Engineer: 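Once you've had a glance at the structure underneath, I'll fire off some questions.
To find a chain, count down the sequence lines: A is the first, B the second, and so on, and within it residues start at 1. Because the structure is a prediction, the values reported are computed rather than measured.
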There are 2 protein chains.
Amino acid sequence: MQKLLSNLKITINENIFLKDPESSDLGKRIVENSILLIDEIGFDDFTFKKLGAKIGSNESSIYRYFENKHNLLVYLASWYWSWTEYQLVFAINNIADPLKKLDLAIEVLTKTTTLDSTFKHIDEVVLKRIIINEYSKSYLTKQVDLDNDEGYFSIYKRLVIRLKELIQEANKDYKYAFCLANTVIEGSLHQQYLKDHFKSISGLKPNEAPTEFYKDLVFNTLNISPNE
Amino acid sequence: MQKLLSNLKITINENIFLKDPESSDLGKRIVENSILLIDEIGFDDFTFKKLGAKIGSNESSIYRYFENKHNLLVYLASWYWSWTEYQLVFAINNIADPLKKLDLAIEVLTKTTTLDSTFKHIDEVVLKRIIINEYSKSYLTKQVDLDNDEGYFSIYKRLVIRLKELIQEANKDYKYAFCLANTVIEGSLHQQYLKDHFKSISGLKPNEAPTEFYKDLVFNTLNISPNE
DNA sequence: CAAAACCGATAGTAATACTATTAAATTTGC
DNA sequence: GCAAATTTAATAGTATTACTATCGGTTTTG
């Protein structure tokens with residue numbers, strides 16, 4: 001996987017940043033350390049001033065890359081979903097059987113995240129934790145419709161559409177392909193949050209991913225089963 | 001329904017407030033108008049100062065009821081889930097068939113909310129919109145584990161447990177009852193959010209509730225069907 | 001009817017979420 | 001290799017937020 005993607009750059013919608021953080025050393029330090037700092041103190045307490053102190057730089061320099069911390073969160077989320085999309089596309093590449101493809105897609109979308117050494121300045125395991133803890137704050141805002149018009153969520157939407165198409169390929173008669181695709185992608189984050197903070201109502205054991213639950217859910221709902 | 005519950009008071013964990021807002025006229029105005037103001041400007045821009053201006057009272061008076069706006073949101077959410085729990089309990093009361101009970105429970109938990117005249121100072125339709133837009137902010141915080149220890153989410157957890165038990169009653173062999181219960185309850189809010197803000201990936205029509213999707217999902221997953 | 005509780009008003013604080021300006025350092029283009 | 005352009009760090013400043021503290025006046029209650 002790493003080999004295949006070694007010359008890969010994740011492309012993010014230019015509206016999200018003022019200056020591309022991939023274009024400079026400071027930019028990469030902003031991204032790298034914002035992930036660590038948000039994980040450490042939470043997005044609500046995260047400020048550009050604190051990030052500046054952490055990277056030995058100035059608040060005002062960070063404002064030249066991102067308009068505000070909300071856009072930085074949108075950037076990090078876009079990066080995560082784009083990275084996930086690549087993993088999904090490579091996983092199902094050259095596979096013909098629609099059921100096997102769907103099975104692999106659910107695997108990619110619901111499994112526990114591991115480190116990908118292709119991107120040196122991004123810790124995907126920590127980033128995934130941020131997505132679980134903070135992603136919904138990127139769209140649960142009053143400006144969501146404006147942000148959406150700017151294309152802030154287009155990568156995420158493309159991923160949902162991909163899964164919806166895999167669901168339809170697997171069962172052309174199923175009526176709720178979009179609802180089911182959203183259930184798997186968003187639900188998987190929620191199940192992992194519950195595992196960490198609401199143990200008494202979580203169906204998962206401490207190190208368990210919700211993968212088996214979602215495979216069972218999807219294949220029973222579609223009335224099919226993947227030929228292993 | 002209204003008649004049956006006419007002498008009902010929704011009981012909220014005392015840790016959530018400093019002074020019970022149901023105990024005074026000012027308290028009720030705080031609750032009533034916080035719902036309207038949060039709906040209007042969003043929870044992020046909502047402040048006690050603005051609420052004070054709206055109800056012709058003072059910021060400092062509101063602080064005597066709630067420690068901060070976060071606790072007020074937890075209060076509103078607890079009220080909503082408690083109200084939903086009552087609806088669920090009454091809906092399945094005196095029904096023996098486990099499949100019918102589960103069917104009715106899904107109906108209550110996923111349908112579009114309508115006004116309940118039992119509670120004069122609370123507009124349940126607007127409150128539901130707040131729950132859809134803001135509920136996850138009440139637990140996606142760094143202090144979630146402390147809040148959880150204080151019992152801030154106990155009503156919500158009780159509701160999930162109720163649904164999980166109905167699922168188990170309907171199919172004793174199903175292995176993921178908790179995961180499925182969470183999928184229905186939290187997922188239903190998410191599907192309704194998508195309908196309003198992410199039309200291109202929502203499987204729902206403008207006035208459609210996700211009820212049919214979830215009934216199909218649950219009964220196919222459990223390999224049973226409700227005898228209508 | 002006195003004590004207690006409640007409420008509204010004012011004042012004050014540290015932190016947040018920025019914007020503006022300037023000067024030094026670095027990069028680049030010829 | 002040097003001038004011009006760009007980038008960065010530092011400082012200062014603003015409006016707003018999220019509170020806390022205090023203090024009368026009013027209402028409730030025992």
Engineer: Does B/K195 have any side-chain hydrogen bond (donor to acceptor under 3.5 Å, both in side chains) partners at least two apart in sequence or in another chain, and if so, which?
Structural biologist: none
Engineer: Please list, chain by chain and in numerical order, all residues satisfying salt bridge (charged side-chain N to carboxylate O under 4.0 Å, His left out) with B/E208, sequence neighbours excluded.
Structural biologist: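 Once residues adjacent in sequence are excluded, the partners of B/E208 under the salt bridge (charged side-chain N to carboxylate O under 4.0 Å, His left out) criterion are B/K205.
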Engineer: In whole Å, I'd like the distance from the CZ atom of B/F46 to the C1' atom of D/dA18.
Structural biologist: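 That distance rounds to 13 Å.
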Engineer: Spell out, as yes or no, whether a donor-acceptor pair under 3.5 Å connects the side chain of B/S61 to the backbone of B/S57.
Structural biologist: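 Checking the backbone N and O of B/S57 against the side chain of B/S61, no donor-acceptor pair under 3.5 Å is found.
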Engineer: Would you mind classifying the nucleic acid contact of B/F48 as base, sugar-phosphate or nothing, using non-hydrogen atoms under 4.0 angstrom?
Structural biologist: nothing
Engineer: For A/Y65, check side-chain hydrogen bond (donor to acceptor under 3.5 Å, both in side chains) against everything at least two apart and list the hits.
Structural biologist: A/S24
Engineer: What's the CD1-C1' distance between B/I62 and D/dT20, to the nearest Å?
Structural biologist: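 The answer, rounded to whole Å, is 15 Å.
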Engineer: If you walk 5' to 3' along DNA chain C, what is the first nucleotide with an atom under 4.0 Å of a heavy atom in chain B, and what is the last?
Structural biologist: C/dC6 to C/dT10
Engineer: Take the C1' atoms of the five end pairs on each side of the helix from C/dC1-D/dG30 to C/dC30-D/dG1, get both axes, and report the angle to 10 degrees.
Structural biologist: 30°
Engineer: Under the side-chain hydrogen bond (donor to acceptor under 3.5 Å, both in side chains) rule, what pairs show up with a residue in residues 150-161 of chain B, not counting sequence neighbours?
Structural biologist: B/N71-B/Y152, B/E85-B/R158, B/N148-B/K157
Engineer: Show the atom names and distances, to 0.1 Å, of all donor-acceptor pairs under 3.5 Å that link a side chain in residues 121-134 of chain B to residues at least two apart or in another chain.
Structural biologist:
from, atom 1, to, atom 2, distance (Å)
B/H121, NE2, B/E22, OE2, 2.9
B/D123, OD1, B/V125, N, 3.0
B/D123, OD1, B/V126, N, 3.2
B/E124, OE1, B/D116, N, 3.0
B/K128, NZ, B/K111, O, 3.4
B/K128, NZ, B/T113, OG1, 3.1
B/R129, NE, B/D39, OD1, 3.0
B/R129, NH2, B/D39, OD2, 2.8
B/N133, ND2, B/R129, O, 3.0
B/E134, OE1, B/K137, NZ, 2.5
B/E134, OE2, B/F43, N, 3.1

Engineer: How many whole angstroms separate atom CG of A/D45 from atom P of D/dT17?
Structural biologist: 17 Å
Engineer: Can you sort out the partners of A/E32 under side-chain hydrogen bond (donor to acceptor under 3.5 Å, both in side chains), two or more places apart, ordered by chain and number?
Structural biologist: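 Partners of A/E32 under the side-chain hydrogen bond (donor to acceptor under 3.5 Å, both in side chains) test: none.
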Engineer: What is the distance, rounded to the nearest whole Å, between atom CZ of B/F43 and atom P of D/dT17?
Structural biologist: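 Value for this atom pair: 13 Å.
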Engineer: Under the rule for side-chain hydrogen bond (donor to acceptor under 3.5 Å, both in side chains), what residues qualify as partners of B/T47, not counting sequence neighbours?
Structural biologist: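 Expected list: none.
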Engineer: Under the rule for side-chain contact (heavy atoms from CB on, under 4.5 Å), what residues qualify as partners of A/L104, not counting sequence neighbours?
Structural biologist: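 side-chain contact (heavy atoms from CB on, under 4.5 Å) list for A/L104, sorted by chain: A/I92, A/I95, A/K100.
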Engineer: Atom pairs, N/O to N/O, protein against nucleotides 5-14 of chain D, distance under 3.5 Å?
Structural biologist:
from, atom 1, to, atom 2, distance (Å)
D/dT7, OP1, A/K19, NZ, 3.1
D/dT8, OP1, A/Y65, OH, 3.1
D/dT8, OP2, A/Y65, OH, 3.0
D/dA9, OP2, A/S57, OG, 2.3
D/dA9, OP2, A/S61, OG, 3.0
D/dA9, N6, A/R64, NH2, 3.1
D/dA10, N7, A/N58, OD1, 3.4
D/dA10, N6, A/S60, OG, 3.2

Engineer: Taking the six-membered ring for Trp, are B/W81 and B/F153 ring centroids under 6.0 Å apart?
Structural biologist: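 Ring centroids of B/W81 and B/F153 are no less than 6.0 Å from each other.
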Engineer: Could you pull out all residues at least two apart from A/H70 that satisfy ring pair (Phe, Tyr, Trp, His ring centres under 6.0 Å)?
Structural biologist: none
Engineer: Check the distance between D/dT16's P and B/D44's CG and give it to me in whole angstrom.
Structural biologist: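 It works out to 18 Å between those atoms.
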